[in-house]
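Only heavy atoms go into these numbers, but all of them, side chains included; no hydrogens, no water, no symmetry mates.
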Amino acid sequence: MVHHSSDLQADAALLDLLTASTPPTRKTLLPRRDAALDPLLIAAAAASGPHVTRNHYAHDFFPGVTLPQHEGSWDWTKFTGESSSTKKDHPRRLAYVSKQAPRRQRLGLANTTEDSGKENDVPTSQSPLTPVDNIDIPQKRHAAELGTDAKVVGSARNPTAPVQVKCMARTRIPTPHGSAFLHLYHNNRDNKEHLAIVVDSAQYDDQPSPDAPPHIRSASLDSVWSDTETEMDRITRGAYVGKLSSSSQRPSSAFTPSTHNTPGTSNDIPSPLIRIHSECFTGETVGSMRCDCGEQLDEAIRQISQPVAVPASPSRKTIPGRGAVIYMRQEGRGIGLLSKIRAYNLQDLGHDTVTANLMLGHKADERGYEIAGAILRDLGLSEGVRVLTNNPDKVAALEKEGVRIDERVPMIPRSWKCRNPHLADHSHNEIPSESDERKAGATLIGGNAVYGEDLDKYLRTKVLRMGHMLPLWLEDPEV
Ligand SMILES: Nc1nc2c(ncn2[C@@H]2O[C@H](COP(=O)(O)OP(=O)(O)OP(=O)(O)O)[C@@H](O)[C@H]2O)c(=O)[nH]1
């Protein structure tokens with residue numbers, strides 16, 4: 001084997017390092033290897049303006065602190081091996097620092113202001129970002145964090161103020177069931193980012209047929225947000241028409257009440273199909289089979305994406321599926337994930353989902369539907385919809401919000417459908433084929449596993465204790 005002299009030197013240095021009786025001095029260390037600077041990265045960083053991260057802003061190079069008591073915290077000579085005598089040559093060496101106060105201090109400030117009841121007086125000048133909202137709503141309590149997000153968050157302290165929502169951004173999401181548009185909403189009631197998953201593939205048609213139903217679009221997204229907004233601003237937030245591509249970028253026209261679509265108003269075309277879905281981290285993300293939430297979300301998008309037959313048309317004409325899932329961040333029926341996890345432990349002790357909530361001091365269901373109603377109105381979806389749900393409270397709450405419900409479409413749990421096909425609902429526009437049924441589970445985590453003891457118990461409790469409108473599945477040896 002041929003050894004190069006540089007290899008031999010490196011080996012010898014390594015051996016010295018490993019066998020030295022005293023800790024190595026700086027001289028014996030191998031030379032420091034710095035990664036080459038990437039010019040593209042530097043250009044991007046330089047162009048990005050004030051240095052902003054999720055929790056910090058205004059990170060930048062500033063003259064270093066020179067007070068002796070602060071020396072230790074920025075004494076670069078410890079790391080570079082420079083002689084400390086050279087320090088005086090760089091008394092004002094630039095240091096990379098943040099001008100932002102520690103988070104604890106910022107929250108302390110916000111709390112103090114909250115306590116004093118002067119929520120609108122909270123200084124927002126620390127923020128390098130300009131809030132983009134143009135809804136006239138009291139500003140949020142975490143005022144010091146406003147600039148990083150610019151949420152339209154009023155406060156629960158004034159729950160009587162009319163609920164307002166604003167779609168902050170929209171984008172195309174290709175789902176296993178077809179394309180959808182994800183809309184992110186802010187509101188003046190809570191600090192949550194509620195979502196709408198809009199299915200309306202006809203929006204991609206360059207030449208829509210004259211009798212096509214109006215598109216499902218957000219009025220707040222399409223409205224003009226400021227005198228200075230550019231076409232690129234509109235496109236970036238999703239206020240465009242058609243399908244966005246490198247060769248097609250058409251900003252939507254500004255919203256005026258007279259031009260806004262009112263889907264669902266035509267007599268011939270079935271009303272859009274919608275679902276108000278409540279967040280369930282365990283069911284949707286982990287694939288928990290304590291509940292059917294994951295499959296309900298998937299199944300709702302699938303059903304909404306199915307072509308819809310136009311009954312009055314000759315030759316059984318169909319139009320692309322259209323509707324929306326309004327995804328409300330009301331985890332655990334509004335009690336939050338922490339309480340839901342505790343409730344699961346009580347359920348393991350033998351209590352059902354309703355009793356477990358009550359034992360923890362919660363109501364059986366703490367959800368509200370005002371924000372969902374406002375989102376439906378913003379999307380022009382309050383003038384007649386078909387609603388996917390088994391929950392009678394949800395139907396009543398939406399009607400109270402002024403949403404006209406033309407039909408309730410039941411959601412039969414897969415586990416019950418699979419064991420008893422007679423439960424499958426064949427009364428609507430689609431007659432599910434076997435392959436449709438298989439497809440329905442294919443996109444779920446663990447889609448093949450449809451039955452579970454916990455799941456069965458949960459579903460039965462919904463029927464028996466919460467009044468959900470489902471035919472109760474009963475053991476039938478014939479099936
Ligand atoms: N507190 C609590 N919440 C649960 C439990 N299992 C699921 N959830 C939550 O329940 C919500 C879904 O509500 P469900 O009662 O299953 O159904 P629904 O939305 O009222 O009615 P449908 O429209 O028919 O689906 C989600 O927010 C889940 O996080 C549980 O055991 N305890």
Side-chain angles (χ1 to χ4, degrees), residues 149 151-153 156 163 165-171 173 175-177 180-199 274-304 323-344 347 353-354 356-357 360 362-376 378-379 381 387-391 393-395 397-398 401 411 413-414 443-446 454-455 458-459 461-462 466 468:
D149 203 340
K151 284 181 185 165
V152 183
V153 229
V163 65
V165 297
K166 179 172 180 178
C167 178
M168 306 300 295
R170 152 194 186 263
T171 194
I173 299 285
T175 78
H177 307 299
F181 289 105
L182 182 67
H183 295 59
L184 185 147
Y185 276 90
H186 286 175
N187 72 86
N188 64 339
R189 277 296 168 84
D190 62 28
N191 198 5
K192 306 261 175 77
E193 290 181 325
H194 304 287
L195 302 155
I197 302 151
V198 170
V199 174
I274 65 153
R275 169 167 175 75
I276 311 296
H277 188 88
S278 304
E279 175 176 20
C280 179
F281 175 81
T282 44
E284 293 151 16
T285 308
V286 184
S288 158
M289 289 183 64
R290 276 183 185 265
C291 64
D292 58 343
C293 299
E295 81 171 59
Q296 283 188 318
L297 179 59
D298 186 76
E299 176 65 4
I301 299 174
R302 188 187 76 84
Q303 287 203 29
I304 296 168
V325 174
I326 312 300
Y327 185 93
M328 300 300 298
R329 313 302 288 272
Q330 309 196 93
E331 174 63 66
R333 283 189 215 115
I335 67 172
L337 186 55
L338 176 60
S339 290
K340 187 173 91 171
I341 290 171
R342 289 175 175 155
Y344 278 161
Q347 288 171 36
T353 165
V354 172
N357 267 26
L360 289 169
H362 290 288
K363 296 182 191 155
D365 192 340
E366 296 191 352
R367 288 173 291 181
Y369 294 93
E370 275 190 294
I371 296 171
I375 293 176
L376 287 174
D378 183 63
L379 291 169
L381 286 174
V387 183
L388 275 162
T389 185
N390 305 319
N391 185 345
D393 295 346
K394 227 184 234 181
V395 176
L398 286 179
E401 288 306 309
M411 299 209 79
R414 276 172 78 230
T443 51
L444 287 170
I445 303 174
D454 294 294
L455 177 60
Y458 170 80
L459 293 172
T461 305
K462 287 217 287 192
M466 302 186 79
H468 279 218

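- Atoms CG and CG, from Leu398 and Leu381 in turn, are 11.5 Å apart once rounded to the nearest 0.5 Å.
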Subject >> Residue pair Thr282, Arg290: steps toward the side-chain hydrogen bond (donor to acceptor under 3.5 Å, both in side chains) verdict >> reply: CA-CA 8 Å; Thr282 44; Arg290 276 183 185 265; over 6 Å; no
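- The distance from atom CD1 of Ile304 to atom CD of Glu299, rounded to the nearest 0.5 Å, is 10.0 Å.
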**OP:** Starting from the C-alpha separation in whole Å, work towards a yes-or-no answer on side chain to side chain contact (heavy atoms under 4.5 Å, CB included) for Arg367 and Asn391.
**Re:** CA-CA 12 Å; Arg367 288 173 291 181; Asn391 185 345; 3.6 Å; yes
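- Applying the salt bridge (Lys or Arg N to Asp or Glu O under 4.0 Å) rule to Lys462 yields the partners Asp292; only residues at least two apart in sequence or on another chain are considered.
- Among pairs with a residue in residues 275-295, those fulfilling ring-ring contact (aromatic ring centres under 6.0 Å, His included) read His277-Tyr327, at least two apart in sequence or across chains.
- Between the side chain of Lys192 and the backbone N or O of Gln330, no donor-acceptor pair lies under 3.5 Å.
- With sequence neighbours left out, Asn390 forms a side chain to side chain donor-acceptor pair (under 3.5 Å) with no residue at all.
- Interatomic distance, OG1 of Thr175 versus CG of Leu182, reported as 11.5 Å (0.5 Å rounding).
- Ile197 has its side chain out of reach of Ile173: every pair of non-hydrogen atoms, C-beta onward, lies at least 4.5 Å apart.
- Take Glu331 and apply the side chain to side chain donor-acceptor pair (under 3.5 Å) test, not counting sequence neighbours, and it matches Lys340.
- Using a 4.5 Å cut-off on side-chain heavy atoms (C-beta onward), Met328 and Glu279 make no contact.
- Remark: Arg170 engages Phe181, His183, Gln203, Arg217, Leu221, Tyr240 in a side-chain contact (heavy atoms from CB on, under 4.5 Å) (not counting sequence neighbours).
- Between the side chain of Glu284 and the main chain of Cys280, a donor-acceptor pair closer than 3.5 Å is present.
- A search for ring-ring contact (aromatic ring centres under 6.0 Å, His included) contacts involving Tyr185 returns nothing, not counting sequence neighbours.
- Not counting sequence neighbours, the partners of Thr353 by the side chain to side chain donor-acceptor pair (under 3.5 Å) test are Arg333.
- For Tyr344, there are no ring-ring contact (aromatic ring centres under 6.0 Å, His included) partners, not counting sequence neighbours.
- Applying the side-chain contact (heavy atoms from CB on, under 4.5 Å) test to Leu338 and every residue at least two apart in sequence or in another chain returns Arg342.
- Contact record, Ser339 with Leu360: O-CD1, 3.4 Å, taken as the closest heavy-atom pair.
- Listed by chain and number, the residues in a side-chain contact (heavy atoms from CB on, under 4.5 Å) with Ala300 are Arg275, Val325, Leu388, Met411 (sequence neighbours excluded).
- In this structure, the side chains of Cys167 and Leu184 stay at 4.5 Å or more apart for every pair of heavy atoms.
- Residues meeting the side-chain contact (heavy atoms from CB on, under 4.5 Å) test with Ala374, sequence neighbours left out: Val163, Val165, Arg377.
- Qualifying side chain to side chain donor-acceptor pair (under 3.5 Å) partners for Thr461, counting only residues two or more places apart in sequence or in other chains: none.
- With hydrogens and angles disregarded, a donor-acceptor distance shorter than 3.5 Å links the side chain of Arg329 to the backbone of Glu193.
- When atom types are taken as modelled, the side chain of Asn357 and the backbone of Lys363 share a donor-acceptor pair closer than 3.5 angstrom.
- Remark: Ile371 CD1 to Asp378 CG distance equals 13.0 Å, nearest 0.5 Å.
- For the atom pair Ile276 CD1 and Ile326 CD1, the distance stands at 5.0 Å (nearest 0.5 Å).
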